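All remarks here apply to the structure that follows.
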There are 2 protein chains.
Amino acid sequence: MPPKSDPPARRNPAARRPTKRHATIRDVARAVGASVSTISATLNGTDYVSAGMRARINKAIERLQFRPNDLARSLRLQRTHTLAIVVPDISNSFYAEIIHGIKDYGAALNYTLLIGDSRERWAEESNYLDLFQRRRVDGVIRVPATDDAGGHAHRLLGDIPVVYADRFPQANDEQIGCVGVDNVKAANDAVRYLISLGHERIAIIAGPLTARSSADRIEGYRRALAAQHLPLRRDRIRSGVFDMVAATREAIELLARPDRPTALFCGSNITTLGALDAVQQLGLRCPEEISLLGFDDFSWSTLLRPRLTMVRQPAREIGMTAARVLIDHIEERTRQVAGEHLLPTQLMIRNSCAPPLQNAPAAGRRGRRAPGRPS
Amino acid sequence: MPPKSDPPARRNPAARRPTKRHATIRDVARAVGASVSTISATLNGTDYVSAGMRARINKAIERLQFRPNDLARSLRLQRTHTLAIVVPDISNSFYAEIIHGIKDYGAALNYTLLIGDSRERWAEESNYLDLFQRRRVDGVIRVPATDDAGGHAHRLLGDIPVVYADRFPQANDEQIGCVGVDNVKAANDAVRYLISLGHERIAIIAGPLTARSSADRIEGYRRALAAQHLPLRRDRIRSGVFDMVAATREAIELLARPDRPTALFCGSNITTLGALDAVQQLGLRCPEEISLLGFDDFSWSTLLRPRLTMVRQPAREIGMTAARVLIDHIEERTRQVAGEHLLPTQLMIRNSCAPPLQNAPAAGRRGRRAPGRPS
DNA sequence: ACGCGGCACCGAAACGTTTCAGTCCGCGTT
DNA sequence: AACGCGGACTGAAACGTTTCGGTGCCGCGT
């Protein structure tokens with residue numbers, strides 16, 4: 001006997017839903033005694049309709065509370081006029097700003113936005129990518145989760161165009177659209193600023209290396225140190241950190257040792273907060289005993305004490321650019337969605353960074369002193 | 001001559017898109033030499049399919065990278081399995097948490113979530129409601145924008161079920177589903193706590209009265225004062241404040257006057273931040289010179305100095321409950337989506353509240369002293 | 001010999017749009 | 001008188017699913 005097949009399992013026996021929920025275009029047509037195609041024509045202004053007819057139709061639409069069914073429309077049009085984005089954490093104001101940027105740019109061109117929150121988990125992200133594909137969105141913007149398996153997961157989207165924002169895939173051999181900032185330059189600038197204050201023992205807490213942006217920031221850090229012939233110590237580089245508690249743990253570990261760094265450079269806004277937490281837990285005075293320099297500014301960063309010095313990314317602009325690149329490609333104004341779009345960063349100097357204490361056992365060269373308003 | 005009608009304006013002359021973007025169920029059928037209905041049956045497990053056939057179909061699905069078109073599916077099914085929410089500010093972690101709650105509950109039942117951000121503007125919100133209706137979502141959760149015109153805007157949704165979260169419409173004559181907290185009780189508790197510390201001059205910065213929750217918090221404040229026979233002064237009640245700068249302005253105004261309050265009760269997390277900003281700008285020491293008590297806890301509130309004492313709302317649970325109520329109604333397990341679902345709040349005592357300074361010119365009764373660990 | 005019920009499959013009609021190819025009419029030109 | 005043409009409107013075929021009513025087939029009990 002061949003293996004028995006499944007029990008039929010009829011979908012839902014009692015799910016008969018006889019109530020008509022919405023007026024259709026056909027209802028409108030019947031109401032004014034016109035044909036369906038005429039209604040469609042007046043709705044979209046796509047063919048001649050006399051003024052009288054138009055008035056009657058609009059009246060009927062109003063009366064029947066008719067709202068066109070976008071599902072049917074998209075099905076027919078093979079276009080959903082929808083963009084989708086998946087971010088690792090919707091409540092991170094940095095990503096929220098990116099979302100706003102996309103939304104604003106898209107709204108002007110009549111696109112709507114589907115938002116996914118992967119919580120930094122590839123499993124959830126791939127769910128969203130699948131969903132986006134089933135919903136036939138016109139384009140996707142990814143801020144890939146850090147445990148992105150393989151990185152070329154854009155394959156999962158069929159031929160739906162993708163652009164990456166903020167975090168770039170490590171291998172960019174195939175031309176993929178990326179929009180963000182020049183992370184090596186930004187990190188380089190930031191660390192050079194710390195060096196200019198006189199710091200020599202600088203540690204970095206960076207994100208996971210699966211994201212090229214993290215690697216780039218480490219690279220910028222490396223270059224800044226090398227340019228001043230400062231030693232590069234592996235134990236001052238912590239990568240793979242993206243959530244707050246991990247950052248706190250790493251920072252405590254870094255700061256507990258005897259030759260502790262005099263400055264800490266953090267690779268994201270939440271890791272900066274984690275580091276701040278660590279500093280406070282250890283009872284260290286910031287910036288006197290430890291300088292803190294973060295990435296991804298946030299709106300309430302000035303409420304913290306000390307007010308945090310941070311590298312600001314133009315989040316809104318990143319979103320808008322991503323949307324522009326994507327939509328341009330969708331509407332075939334540009335051949336392929338490729339290349340990197342790098343936007344400028346800005347070092348927001350506040351007061352979490354100061355020259356290191358004089359009695360610090362800084363072997364070797366004495367650094368030059370720079371303004372950097374202490375306290 | 002009758003008024004000339006519009007120029008025809010053909011939609012988009014060059015928008016011929018001959019490329020087949022996605023494999024359809026029909027392609028799969030052809031590939032395995034079966035009928036469309038058989039594919040559908042194996043996809044949904046809705047009818048008998050032999051094991052062999054199933055295997056071949058799955059292989060073909062894999063090979064063709066077939067993803068079912070949810071648009072067509074929803075159109076046919078008259079169900080989108082989609083919930084939608086519109087919040088006033090997506091980057092406010094309170095709302096982000098609510099969203100997470102909805103998403104988690106919904107995901108378990110295979111619902112997906114559409115997210116809208118109204119930026120506290122009715123115009124944007126109504127756009128979203130319209131969009132939701134055109135997309136035929138199965139249900140909507142609203143956190144209405146503060147300038148909600150009229151409040152019974154749920155009419156705009158046709159007969160799509162709605163539930164309100166966090167902010168309730170002021171007039172709840174018609175039975176509408178609401179899920180949130182008992183705001184009068186929460187505010188009452190909070191103010192009573194302040195009174196128990198010895199405060200007598202307590203001001204409140206509340207949200208707009210168009211949201212009943214704001215009015216309720218004021219009511220709770222009022223009752224707490226009345227219960228202790230403390231005077232209720234209109235000039236210590238500021239309402240209509242929901243953004244940070246407005247809160248700062250109001251707080252400065254409140255704190256600049258000679259008989260300034262010794263404690264400030266804020267109606268939301270961002271207004272609390274605004275007040276904190278004001279306190280810092282004025283150089284007042286908190287909690288010694290001014291106690292601060294806020295609403296809607298947020299995750300990094302412990303990083304601020306002082307660590308803020310706040311009324312915590314169970315945001316995630318609010319989201320989950322809202323989703324539950326809505327889905328129950330959608331799947332007709334419950335007759336109508338109505339009634340209030342109130343969840344418990346929690347007063348997170350940290351150290352932004354302390355007894356007022358002794359030399360304060362507090363006329364009349366001396367208050368009892370309570371623990372409330374100062375500093 | 002017949003009926004019957006479980007299994008495996010198929011065809012076609014929906015769902016609500018858009019669009020293409022007409023049709024019909026009145027008017028101005030050859 | 002024939003023709004062309006712009007304006008106003010219509011019918012029907014898609015778009016990609018689900019589902020309902022079939023239709024065979026096979027084994028079994030009477």
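Just so you know, these numbers come straight off a predicted model, no measurement behind them. Note on naming: letters A, B, ... go to the chains in the order of the sequence lines (proteins, then strands), and numbering restarts at 1 for each one.
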Which is it for B:D117 and A:H100 under the side chain to side chain donor-acceptor pair (under 3.5 Å) test, yes or no, and what are the steps along the way? CA-CA 9 Å; B:D117 182 337; A:H100 276 157; 2.6 Å; yes
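Checked against C:dT18, D:dT10, C:dT17, the side chain of A:L77 finds its nearest nucleotide in C:dT18. Closest to the side chain of B:S50, out of D:dT17, C:dC9, C:dC15, is C:dC9. Of the listed nucleotides (D:dT10, D:dT17, C:dC15), C:dC15 has the atom at the smallest distance from the side chain of B:L75. Distance from the side chain of B:T38 is smallest for C:dC9 among the nucleotides D:dT17, D:dT19, C:dC9. For A:R73, the listed nucleotide lying nearest its side chain is C:dT17; candidates were C:dT17, D:dC9, C:dC9. For A:A72, the listed nucleotide lying nearest its side chain is C:dG16; candidates were D:dT10, C:dG16, D:dT17. The side chain of B:T24 has D:dT17 as its nearest neighbour among C:dC9, D:dT17, C:dT17. For A:R136, the listed nucleotide lying nearest its side chain is D:dT17; candidates were D:dT19, D:dT17, C:dT19.
For the helix from C:dA1-D:dT30 to C:dT30-D:dA1, the terminal axes (five pairs an end, C1' atoms, rotation from four pairs onto the next four) enclose an angle of 70°, given to 10 degrees.
Annotation: the span from B:Y164 atom OH to B:I141 atom CD1 amounts to 12.5 Å, rounded to 0.5 Å. In this structure, the separation between CG on B:L83 and CZ on B:F132 is 10.0 Å, given to the nearest 0.5 Å. Atom CZ of A:R121 sits about 10.5 Å away from atom OG1 of A:T146, to the nearest 0.5 Å.
What separates NE2 of A:H22 from P of C:dT17 is a distance of 10 Å, to the nearest Å. In this structure, A:R26 places its CZ atom 12 Å from C1' of D:dG11, rounding to the nearest Å. Following rounding to the nearest Å, A:Y48 (OH) and C:dG26 (P) show an atom-to-atom distance of 19 Å. Rounded to an integer number of Å, the gap from CZ of B:R56 to C1' of C:dC9 is 11 Å. A:N69 places its CG atom 12 Å from the P atom of C:dC15, with the value rounded to the nearest Å. Atom-to-atom, CG of A:L43 to P of C:dT18 comes out at 6 Å; the value is rounded to the nearest Å. For A:N44 and C:dG16, the CG to P distance is 17 Å, given to the nearest whole Å. The nearest whole Å value for the distance from the CD1 atom in A:I25 to the P atom in D:dA14 is 19 Å.
Side-chain N/O atoms of A:R76 and base N/O atoms of C:dT17 include no donor-acceptor pair closer than 3.5 Å. At a cut-off of 3.5 angstrom, counting only N and O atoms as typed in the model, there is a donor on one side and an acceptor on the other between the side-chain of A:D47 and the base of D:dC9. Taking 3.5 Å as the limit, the base of C:dG11 and the side chain of B:S37 contain a donor-acceptor pair of atoms between them.
Within the 4.0 angstrom heavy-atom criterion, no nucleotide atom of any strand lies near B:A41.
There is a side-chain donor-acceptor pair under 3.5 Å between B:T82 and A:R135. Between the side chains of A:Y95 and A:D166, at least one donor N or O sits under 3.5 Å from an acceptor N or O.
OP1 or OP2 of D:dG16 has at least one side-chain nitrogen or oxygen of A:Q78 nearer than 4.0 Å. One finds no side-chain N or O of A:S40 lying less than 4.0 angstrom from the OP1 or OP2 phosphate oxygen of C:dT17.
Residues satisfying the side chain to side chain contact (heavy atoms under 4.5 Å, CB included) test with A:A72, not counting sequence neighbours, are A:N69, B:L75.
The pair B:D27-B:R30 meets the salt-bridge criterion, with a side-chain N (NZ, NE, NH1 or NH2) lying under 4.0 Å from an Asp/Glu carboxylate O.
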